[in-house]
Amino acid sequence: MPGTGADGKPFFWIGNGKKPVGGLHVAFTAHSRSQVDTFYQAALTAGGRDNGAPGLRPHYHPNYYGAFVFDPDGNNIEAVCHQAE
């Protein structure tokens with residue numbers, strides 16, 4: 001699964017292989033936790049469906065702060081901040 005980004009951390013991943021069940025998962029890097037919060041609220045306002053409210057996901061790493069929504073096509077869209085705040 002290739003990814004592209006800066007500072008040794010991909011900000012856009014492209015999957016290959018089998019078609020994902022339930023759509024694609026696209027993750028975008030945010031520069032702050034407040035950007036993740038703003039993404040989540042904007043996505044819900046635009047018709048997205050909740051798939052994980054903003055919060056820490058320590059099972060990925062201690063500073064992984066993300067939010068997940070399903071777009072109208074069922075794709076899982078994520079915003080994530082890796083910074084400690």
Colleague: Can you list everything that forms a side-chain hydrogen bond (donor to acceptor under 3.5 Å, both in side chains) with S34? Sequence neighbours excluded, please.
Modeller: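 For S34 the side-chain hydrogen bond (donor to acceptor under 3.5 Å, both in side chains) partners, ignoring immediate neighbours, are S32.
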
Colleague: To which residues is Y65 joined in a hydrophobic cluster, defined by side-chain heavy-atom contacts under 4.5 Å among Ile, Leu, Val, Met, Phe, Trp and Tyr, whether direct or through other members?
Modeller: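 Besides Y65, the hydrophobic cluster comprises V36, L56, listed by chain and residue number.
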
Colleague: For residues 35-60, pull every pair meeting ring pair (Phe, Tyr, Trp, His ring centres under 6.0 Å), keeping only residues two or more places apart or in separate chains.
Modeller: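 Found Y60-Y64.
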
Colleague: Is any side-chain heavy atom of N75 closer than 4.5 Å to one of F70?
Modeller: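 A side-chain contact is absent here, since even the closest heavy-atom pair is not under 4.5 Å.
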
Colleague: List the atom of G66, the atom of R57, and the distance in Å for their closest heavy-atom pair.
Modeller: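 Closest heavy-atom pair between G66 and R57: O-NH1, 3.0 Å.
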
Colleague: Any link between V26 and F68 through a network of hydrophobic side chains (Ile, Leu, Val, Met, Phe, Trp, Tyr) touching at under 4.5 Å?
Modeller: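 V26 does not cluster with F68.
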
Colleague: Decide if atom NE2 of H61 counts as having more than 12 heavy atoms of other residues, nucleotides or ligands within a radius under 6.0 Å.
Modeller: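 Yes.
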
Colleague: Using modelled atom types only, decide if a donor and an acceptor are shared between the side chain of R49 and the backbone of G47 within a distance under 3.5 Å.
Modeller: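 Looks like no, no N/O pair under 3.5 Å.
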
Colleague: Do T29 and Q83 have side-chain heavy atoms sitting under 4.5 Å apart?
Modeller: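 With C-beta onward as the side chain, the pair stays apart.
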
Colleague: May I ask you to test the E78-H25 pair for a side-chain heavy-atom distance under 4.5 Å?
Modeller: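 SC-SC contact between E78 and H25 confirmed.
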
